[in-house]
There are 2 protein chains.
Amino acid sequence: MCRLGIVLTDTVTISFARAVELVSSAFFRAGVPRPVSASVAEALVTAEAEGQIGHGIIRLADYIEQVRSQRINVNANISVVSRGAASLYVDADFGFAYPAIDEALARGLPIAQELGICVIAIGNSHHCGALSFHVERIAAAGLIGLMFANTPKAIAPWGSRDAVFGTNPIAFSAPRLGSHPLVIDLSLSRVARGKVMAAKKSGDKIPLGWALDCHGNPTTEPDDALAGSMIPIGGAKGTALALMVEILAAVFSESALSVEAGSFFDAAGLPPKVGQALIAIRPASERTFASRLEQLLEIISSQEGARLPGTRRQQALSNAHKNGLEVPRSLISVAQDLATGAPSENKRPLKPL
Amino acid sequence: MCRLGIVLTDTVTISFARAVELVSSAFFRAGVPRPVSASVAEALVTAEAEGQIGHGIIRLADYIEQVRSQRINVNANISVVSRGAASLYVDADFGFAYPAIDEALARGLPIAQELGICVIAIGNSHHCGALSFHVERIAAAGLIGLMFANTPKAIAPWGSRDAVFGTNPIAFSAPRLGSHPLVIDLSLSRVARGKVMAAKKSGDKIPLGWALDCHGNPTTEPDDALAGSMIPIGGAKGTALALMVEILAAVFSESALSVEAGSFFDAAGLPPKVGQALIAIRPASERTFASRLEQLLEIISSQEGARLPGTRRQQALSNAHKNGLEVPRSLISVAQDLATGAPSENKRPLKPL
């Protein structure tokens, strides 16, 4: 099994609950309060279980590095301000994004239920992982969900050279009757930047069409790609969408632009300070909406070769809840060391917070 | 000059106001009430002036054909229903989309100003032309705008064969200080379907990468492309976005799915009955928002080769307001005939409405 370029043939099976407990304990031991540890662990293990491993348990060590270097504020005071009856601002206070998003949903969804729509901007935030995890909870409440997030710079404006936009994901969800919500979650680069990092680690070239070098020319060299930019979907249309997400996620939340944001990985440098925006919309009639949606999804599913977005992800999650997750032994070992304080090469001494 | 495949070397210059008056008179003479004629004419002439000629004066003859065959209801009773304090439904009653959108903005924008956000679904609607025209008015009111529209089927779900989604455009706008709003307007096919129709008329092949035939294979034959489907931007990501737009525009407004919608062009068959959705969002502070947005746009503009979306369009419009529009003489001639009742091969006798 090739995982971000590291060959990890050896896996272990762990129950969903045990994985959450383990990851949560690792955060707690690093000084993260219990409820925050639980919120972050739930998100990482869900992503892992869904096969979105780039947002999964592999993030644990990076997050803890950033906790140690105080680029993640473990004592964040999440505050909520009303910007209007149907508009909220949540200040993540440079802490983890996950508990701030939990708060945004807890406060915003009842407003959308009452008024028909609610928008929530989350500022001074951090990596929010797979957006599917968040919008799925909007649809589970019977609402249509939209989410936009900016990420550190990776995509150049079309026709130019330097990265300005993040891979700036867009997510969408819609409630279904008697079924998992429909969930769409996509970033605006053709391929994830993690795939370039994986090629670098394994010493492989990357295919043309993934990335540009720092002169704006197509490249097959991972190093040149990482110093350059990722190619957006749809050329100029993709960078127009990335600009839209940048404005909704970063400008609207008064957070750092992608070009200003610190890394999600590095222990040194500025905190990311990115932003997110969530919109929840109530259908006029949940039953009419869901029944029309079912007709549409049936038309799609009945076509040979077509697949509904999110299906594989939801099946993997459901399987993991039943039968446990298969996780690389090395990842579990890192988590165990972090949770118990045993020595690990991935662990540095805790700084006083 | 090649215009949708017809060689039109002969152009005339006409003032913006005179063009609106002429197009409006043509609608009025076809039985469309004066205020509706004015609303539609303003939108078509604006698109023409902006260089978006596929949504411009060329639509006049098609619209009038659909008025004559009662596929556009000229006596539409546009009604507005509240779906919640921040959510409206506008029934376009099978009339033109433009006056329904005018009503949606007139009713919805004050709500967004007051509550922070407002969503408006427009149902039983028709072709709404260039979305830029509509979202620009949201930003002109100091609000962030989003718009989604479904259109008759053109794009197949990724991996399959039959068109299910329209080219389903997405538009976005943001207010700027002392400048035209920033406007993004894009459809989810790689190229406009009109370009395939143009190639058919001129007897040219189309490049690979534009469209698929009815077996889902790449084609260079315009006829095969028109019987097949348009290729979306970004592969599976593009059709996921098309599904998102389909749900927001058609399902949320309880209108026809793209696969069910009648043509925007043909005089026969079902009315389009498509839907649109508009979202208007108030920034917390218009000044803070606009000043951060200016920083972002400055970073983009300062890059060699980069261009802000909508710039050329806005420059062309501004030029047309000053110096008039250059329009093919044949189009003006059709409009004049329709406006005055002189004989024209494009005109059929009026049916009683």
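- Both the backbone and the side chain of A/Val251 come within less than 4.5 Å of a heavy atom in chain B.
- Neither the backbone nor the side chain of B/Leu88 comes within less than 4.5 Å of any heavy atom of chain A.
- Atoms CZ and CZ, on A/Phe252 and B/Arg282 in that order, are 9.0 Å from each other to the nearest 0.5 Å.
- Across B/Asp162, B/Leu182, B/Asp185, B/Ile300, the residue that shares the most heavy-atom pairs under 4.5 angstrom with chain A is B/Asp162.
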Self-check item: CA sep, side-chain torsions, deciding dist, call: B/Ile281, A/Ile279, side-chain contact (heavy atoms from CB on, under 4.5 Å)
Solution: CA-CA 10 Å; B/Ile281 308 170; A/Ile279 298 175; 4.0 Å; yes

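- Residue contact with chain A, scored on non-hydrogen atoms closer than 4.5 Å, involves the backbone and the side chain of B/Ser187 alike.
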Practice problem: Would you sort out whether B/Glu114 and A/Arg83 count as a salt bridge (Lys or Arg N to Asp or Glu O under 4.0 Å), showing the intermediate values? | Solution: CA-CA 10 Å; B/Glu114 189 192 339; A/Arg83 288 174 161 188; over 6 Å; no

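- Heavy atoms of B/Ser255 lying under 4.5 Å from chain A belong exclusively to its backbone.
- Only the side chain of B/Ile144 comes within less than 4.5 Å of a heavy atom in chain A; its backbone stays farther off.
- Note on A/Ile233, A/Leu257, A/Thr239: by heavy-atom pairs under 4.5 Å with chain B, the leading option is A/Leu257.
- Residues of residues 240-248 of chain B placed with any heavy atom under 4.5 Å of a heavy atom in chain A are listed by number as B/Ala240, B/Leu241, B/Leu243, B/Met244, B/Glu246, B/Ile247, B/Leu248.
- In terms of heavy-atom pairs under 4.5 Å with chain B, the best-connected choice from A/Pro232, A/Gly159, A/Ser87, A/Gly116 is A/Gly159.
- Here A/Pro157 is the residue among A/Gly216, A/Ala236, A/Pro157, A/Gly238 with the most heavy-atom pairs under 4.5 Å with chain B.
- With a 4.5 Å cut-off on non-hydrogen atoms, A/Tyr89 does not touch chain B at all.
- Between chain A and the residues B/Leu188, B/Ile184, B/Leu297, B/Ile117, the most heavy-atom pairs under 4.5 angstrom are made by B/Ile117.
- When heavy atoms are compared at a cutoff of 4.5 Å, A/Glu304 approaches chain B solely by way of its backbone atoms N, CA, C and O.
- Looking only at heavy-atom pairs under 4.5 Å with chain A, the residue among B/Gly84, B/Ala86, B/Ala85 that has the most is B/Ala86.
- Contact detail for A/Glu260 and B/Arg292: the closest heavy-atom pair is OE1-NH2, 2.7 Å.
- Only the side chain of B/Val259 comes within contact range of chain A, judged by heavy atoms closer than 4.5 Å.
- Put simply, CD1 on B/Ile299 and OG on A/Ser160 are 12.0 Å apart, with the number rounded to the nearest 0.5 Å.
- The existence of a salt bridge linking A/Glu254 and B/Arg287 is excluded, since no basic side-chain nitrogen approaches an acidic carboxylate oxygen closer than 4.0 Å.
- With a 4.5 angstrom heavy-atom cutoff, A/Leu293 touches chain B via backbone and side-chain atoms both.
- B/Lys237 contributes a side-chain N or O that, together with a main-chain N or O of A/Ser189, makes up a donor-acceptor pair within less than 3.5 Å.
- Proximity to chain A among residues 167-180 of chain B is limited to B/Ile170, B/Phe172, B/Ala174, judged by heavy-atom separations below 4.5 angstrom.
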